[in-house]
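Single-structure report; data block below.
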Amino acid sequence: MTRWTEREIAGWGRFPRVTAQVTRPERRSEVLAALGDVGPEGALAFGLGRSYGDSALLDGGRVFVTRRLDRMLAFDPETGWLRCEAGVSIEDILEVFVPRGFFPPVTPGTKLVTVGGALASDVHGKNHHVDGAWSNHVRRVELLTAGGDVVICDRAREPELFAATVGGMGLTGIILSLEVKLTPVHGPWIEMESVRVESLDHFFEVSAESADFTHTVSWIDCVTRGKAMGRGIFMRGRHAARGAAGTDGIVGKLVHAAEPALDVPVDLPGWTLNKASIRLFNEVYFRKHPRGQIGSIVHYDPFFYPLDAVRNWNRIYGKRGFLQYQLVVPPDPTHRALREVMEAITSSGMGSFLAVIKELGPQQNGLLSFPTPGVLLALDFPNYGRPLFALLDRLDRVVTDAGGRTYLTKDARMSRDTFRAQYPDWERWKAIRDAWDPEARFRSEQGMRLGLVDAPGGAR
Ligand SMILES: Cc1cc2nc3c(=O)[nH]c(=O)nc-3n(C[C@H](O)[C@H](O)[C@H](O)COP(=O)(O)OP(=O)(O)OC[C@H]3O[C@@H](n4cnc5c(N)ncnc54)[C@H](O)[C@@H]3O)c2cc1C
């Protein structure tokens with residue numbers, strides 16, 4: 001018999017929060033059995049809860065936390081293909097496979113995500129311009145569908161179901177396992193350079209000069225106005241070659257051994273992050289980097305996952321939580337929309353220090369996958385309530401008019417009209433989804449808000 005526990009759950013932004021019946025199956029047979037308990041309240045998979053808003057939430061519903069489905073099932077060292085259960089995390093893969101000379105092909109800015117969650121959001125990383133998104137490296141997805149059947153899908157088998165599951169935010173069923181092709185590497189080291197960029201135009205110059213690097217991203221100051229708007233620190237790197245100088249360096253080893261060194265054990269009071277402290281942080285962070293560029297060999301942890309060093313860092317935003325706004329707008333030599341967005345953010349004074357900018361590559365995948373060619377901007381906002389929501393509505397209009405989109409896995413508040421304008425394939429996606437789940441057994445708060453699934457009785 002399945003054990004269900006009533007629990008309050010939230011995404012990484014801790015806004016909103018809902019109460020659901022939660023189960024934590026350890027075996028696939030337990031997942032199949034638990035699906036039998038699902039009635040009109042609906043069901044949804046939940047990985048490690050690193051989506052920010054309400055993608056992984058279902059108020060009053062049955063939530064399947066997949067983390068204990070963490071078996072590695074098969075690995076072929078000749079090709080790098082790993083078959084594993086959906087609750088295996090990127091961190092698990094790193095721990096087992098970096099010593100064997102393999103690395104995840106794509107990784108988001110935290111290693112605390114499950115491979116199932118990575119596919120449901122079709123995550124991208126610093127190498128998107130070279131290697132595309134997570135789904136570019138995945139095949140043989142085992143999906144538990146609403147009818148109780150386990151269906152294998154990928155580009156060759158049930159390709160439509162695969163295209164709807166990739167970036168489909170858990171609404172086509174529960175991913176039980178998948179195969180991912182790991183990348184061969186010579187060790188844990190990254191050859192990296194950081195370059196201080198003085199403005200938005202300078203960012204694009206440095207980005208264009210960085211074609212030799214497989215991984216690029218830039219921290220960007222979204223607080224300072226005027227000519228220095230868009231200043232930041234551009235980071236670029238690649239997996240270090242065998243025997244690269246410094247790869248045995250003591251500094252890198254110490255950095256790795258020390259993590260995670262910090263914890264935020266309780267909610268910090270709301271005043272911790274006020275506008276003055278955020279401005280000061282940006283100033284210090286920018287100034288501490290000398291003009292020009294610095295090269296070094298670093299462990300993958302500080303390069304890919306600097307935020308994972310502070311456990312529970314989301315608590316610095318206090319009890320009201322925070323929202324992330326992540327957008328991509330198509331290439332435009334004048335960067336008009338991007339400038340308009342940044343001007344609106346800097347003059348609102350509501351942005352925080354956690355902001356990144358990156359040029360994405362040409363690859364596009366699932367019908368609802370976020371990555372499209374252009375420039376991406378992601379920024380955290382303390383939850384200021386109504387004024388913040390008004391600002392984000394305004395940004396939505398700029399992004400939509402420019403032909404861009406915002407990322408569902410970071411969203412907690414977008415309107416249905418905005419979503420439909422930004423994701424023109426939504427109807428095709430919904431037709432595929434509805435065919436596999438006509439009674440909308442799989443649902444989420446976000447899915448109902450955006451009209452991805454029909455709420456029971458048309459309640460929303
Ligand atoms: C610090 C930080 C940095 C990040 N950086 C990036 C980045 O660089 N690039 C990027 O793309 N994303 C990034 N993210 C977002 C994160 O990668 C995604 O939200 C990812 O989906 C989270 O995985 P999860 O296992 O925590 O899934 P959850 O957050 O638990 O769930 C996310 C979605 O996946 C669905 N889901 C989860 N497991 C399954 C399953 N087994 N079957 C079906 N559906 C499932 C859920 O229903 C939900 O819709 C970042 C997040 C954080 C906190």
Side-chain angles (χ1 to χ4, degrees), residues 9-14 20 22 25 28 31 42-58 61-70 84-92 104 106-128 132-135 141-145 153 164-178 215 217 304-314 322 324 326 328 354 356 358 360 365 368-371 376 378 380 407-412 442-447 450 452-453:
I9 53 171
W12 189 244
R14 305 172 78 217
V22 171
R28 53 186 286 145
V31 185
L44 187 67
F46 186 105
L48 272 161
R50 258 52 183 193
S51 52
Y52 279 63
D54 54 358
S55 318
L57 308 184
L58 181 58
R62 302 221 180 230
V63 170
F64 291 65
V65 176
T66 62
R67 181 64 183 120
R68 291 166 77 193
L69 299 167
D70 61 354
C84 62
E85 290 184 333
V88 165
S89 69
I90 299 267
E91 182 178 43
D92 297 335
V106 163
T107 174
T110 171
K111 58 187 172 181
L112 302 172
V113 304
T114 62
V115 298
L119 192 71
S121 298
D122 198 13
V123 300
H124 57 271
K126 294 180 171 61
N127 57 343
H128 183 269
W134 180 253
S135 66
V141 176
E142 275 192 305
L143 185 73
L144 175 61
T145 56
C153 65
T165 299
V166 165
M169 308 313 296
L171 298 172
T172 58
I174 300 177
I175 299 161
L176 297 174
S177 75
L178 53 74
H215 294 75
V217 75
F304 285 109
Y305 313 114
L307 289 171
D308 287 348
V310 186
R311 218 179 273 286
N312 299 318
W313 62 261
N314 53 347
F322 69 108
Q324 183 171 110
Q326 180 161 352
V328 57
L354 291 172
V356 297
K358 169 172 174 60
L360 293 180
N365 300 305
L368 298 187
S369 285
F370 165 73
L376 162 164
D380 289 352
Y407 195 2
L408 296 181
T409 209
K410 308 290 174 81
D411 165 59
F442 290 108
R443 291 203 292 276
S444 66
E445 291 304 306
Q446 178 180 57
L450 299 181
L452 287 164
V453 279

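Sequential numbering from 1 along the given sequence is applied to the chain's residues. All ligand and atom numbering here is 1-based and tracks the order in the structure.
When the heavy-atom distances from atom 10 (C) of ligand 1 to Gln446, Arg50, His124 are ranked, the shortest goes to His124.
Using a 4.0 Å heavy-atom cutoff, Tyr407 is listed among the residues neighbouring ligand 1. The closest approach between any non-hydrogen atom of Gly173 and ligand 1 is below 4.0 Å. Ligand 1 lies less than 4.0 angstrom from a heavy atom belonging to Tyr52.
With a 4.0 Å cut-off on non-hydrogen atoms, Lys410 touches ligand 1 through its side chain and not its backbone. Counting heavy atoms closer than 4.0 Å to ligand 1, residue Trp313 contributes side-chain atoms (C-beta onward) but none from N, CA, C or O. Only the side chain of Ala86 comes within 4.0 Å of ligand 1, judged by heavy-atom distances. At a 4.0 Å heavy-atom cut-off, ligand 1 touches Thr66 through the side chain alone.
For ligand 1, the atoms lying closer than 4.0 Å to a non-hydrogen atom of Ser51 are 19 (O), 22 (C), 28 (P), 29 (O), 31 (O), 32 (C). Remark: ligand 1 atoms within the under-4.0 Å shell around heavy atoms of Trp12 are 53 (C). Within ligand 1, counting atoms from 1 as listed, the ones closer than 4.0 Å to a heavy atom of Leu48 are 24 (P), 25 (O), 26 (O), 27 (O), 30 (O). Short contacts between ligand 1 and Ala120, defined as distances under 4.0 Å to a heavy atom of the residue, involve ligand atoms 34 (O), 35 (C), 36 (N), 44 (N), 45 (C). Ligand-side atoms of ligand 1 in range of Pro108: 5 (N), 6 (C), 7 (C), 8 (O), 9 (N), 10 (C), 12 (N), 13 (C), 17 (O), range being under 4.0 angstrom from any heavy atom. Heavy-atom proximity to Leu44, at under 4.0 Å, picks out these atoms of ligand 1: 47 (O). Near Ile174, with a cut-off below 4.0 Å to any heavy atom, the atoms of ligand 1 are 42 (N).
Remark: the backbone N or O of Asp380 is not paired with any side-chain donor or acceptor of Gln324 at under 3.5 angstrom. Here the side chain of Arg68 pairs no donor or acceptor atom with the backbone of Pro25 at under 3.5 angstrom. Between the side chain of Ser444 and the backbone N or O of Leu44 there is no donor-acceptor pair closer than 3.5 Å. Side-chain atoms of Lys111 do not come within 3.5 Å of backbone N or O of Ser89 as any donor-acceptor pair. Thr110 contributes a side-chain N or O that, together with a main-chain N or O of Leu112, makes up a donor-acceptor pair within less than 3.5 Å. Checked by atom type and distance alone, the side chain of Thr114 pairs as donor or acceptor with a backbone atom of Gly117 at under 3.5 Å. Using modelled atom types, one side-chain atom of Tyr407 and one backbone atom of Ser121 make a donor-acceptor pair closer than 3.5 Å.
Partner of Ile9 under the side chain to side chain contact (heavy atoms under 4.5 Å, CB included) criterion, out of Val65, Leu58, Val22: Val22 alone. Between Leu176 and the options Leu143, Leu144, Val141, a side chain to side chain contact (heavy atoms under 4.5 Å, CB included) holds for only Leu144.
Taking the ring centroids of Phe370 and His128, they lie at or beyond the 6.0 Å cut-off.
The shortest N/O to N/O separation between Gly109 and ligand 1 falls below 3.5 Å. The N/O atoms of Gly125, backbone and side chain alike, include none that comes under 3.5 Å of an N/O atom in ligand 1. Considering backbone and side-chain N/O atoms, Thr107 never comes within less than 3.5 Å of an N/O atom of ligand 1. Taking distance alone, with nitrogen or oxygen atoms compared against 3.5 Å, Gly49 approaches ligand 1 more closely than that limit. An N or O contact shorter than 3.5 Å links Met169 to ligand 1 by distance. Considering backbone and side-chain N/O of Thr110, none are found under 3.5 Å from N/O of ligand 1.
The aromatic rings of Trp12 and Trp313 sit perpendicular to each other, their planes meeting at more than 60°, with 30° as the lower class boundary.
When hydrogens are left out, the protein atom nearest atom 19 (O) of ligand 1 is Thr409 OG1, 2.7 Å; that is the closest non-hydrogen contact. For atom 23 (O) of ligand 1, the closest non-hydrogen atom on the protein side is Val113 CB, 3.5 Å. Among all non-hydrogen protein atoms, the one lying nearest atom 48 (C) of ligand 1 is Ser55 O, 3.6 Å. Atom 44 (N) of ligand 1 has as its closest protein heavy atom Gly170 CA, 3.3 Å. Scanning the protein heavy atoms around atom 30 (O) of ligand 1, the nearest turns out to be Gly47 N, 2.7 Å. Among protein heavy atoms, atom 42 (N) of ligand 1 sits closest to Ile175 N, 2.8 Å. Regarding atom 47 (O) of ligand 1, its nearest protein heavy-atom neighbour is Ala45 O, 2.6 Å. Closest to atom 37 (C) of ligand 1 among all protein heavy atoms lies Gly117 CA, 3.5 Å.
The two residues Ala56 and Ser51 come nearest to each other via the heavy atoms CB-OG, 3.9 Å. Pairing each heavy atom of His124 with each of Leu376, the nearest pair is NE2-CD1, 3.5 Å. Here the closest non-hydrogen pair linking Ile175 and Gly116 is CD1-O, 3.6 Å.
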Chi angles and distances behind the salt bridge (Lys or Arg N to Asp or Glu O under 4.0 Å) call for Asp92, Arg67: CA-CA 11 Å; Asp92 297 335; Arg67 181 64 183 120; 2.9 Å; yes
Side chain to side chain contact (heavy atoms under 4.5 Å, CB included) assessment of Val166 paired with Trp134: CA-CA 9 Å; Val166 165; Trp134 180 253; over 6 Å; no
